[in-house]
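The structure appears right after this line, and notes come after that.
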Amino acid sequence: MPFWLMKSEPAECSIDDAVAAPHATVPWVGVRNFQARNFMRDQMKIGDGVLFYHSSCAVPGIAGVAEVASASYPDSTQFDPSSPYYDAASRPEKPRWYLVDVRARYKVEVFTLAQMRETPELQEMRVLKRGNRLSITPVEPPHWKLLLGRMKRIKTAKA
DNA sequence: GCCAACGTTGGC
DNA sequence: GCCAACGTTGGC
């Protein structure tokens, strides 16, 4: 089963927000990068594992475990002129941006970016490569397995 | 706030 | 199709 790391700014949508959402599920809106879009549109399958990563915040790192919860479909925010993700060049009959729903499974004590960098077995992770800016990256099964073994689950009311 | 890295745009 | 300028990401 394929695995992914998906970055979200917690100020926009944190793991807590995802856990608190109906069915602990959120549409992954706002991706405006073709490579990241292609991963969602062409490769993700329901049930794929997701590392829910917090970026652009005080302590960047993996904050939860989630899963792909839908097939891909057009991101409605691209057609909403009041949305920061509005794309005037995209037509409803030929949408440019697609997303998937992501369901939070559980929250973890943040496994920080610094910890990831300190873990020798994780050095080949794409997200750690210099200059990487992709908000969605594939995760190799050994990396997924190691991280799941090291991360500490936090019990929450939901999910 | 800084800035490296890199994707996108647009002139040619 | 090239490539300079520009904008964005995201850690620090």
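We name chains A, B, ... by the order of the sequence lines, and we start the count at 1 in each one. Just so it is clear, the model here is predicted, and its values are computed rather than measured.
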Contact state string [nucleotides 4-12 of chain C, B base, S sugar-phosphate only, - no protein heavy atom under 4.0 Å]: ---BBBBSS

Stepwise ring pair (Phe, Tyr, Trp, His ring centres under 6.0 Å) test for A/Phe52 and A/Trp28: CA-CA 11 Å; A/Phe52 196 114; A/Trp28 208 261; 5.3 Å; yes

Salt bridge present between A/Arg32 and A/Asp87 (N-O < 4.0 angstrom): no

Salt bridge flag under 4.0 Å for residues A/Arg126 and A/Glu140: no

Ring center gap for A/Trp97 and A/Tyr86 short of 6.0 angstrom: no

A/Asp75/A/Arg96 ion pair, N-O < 4.0 Å: no

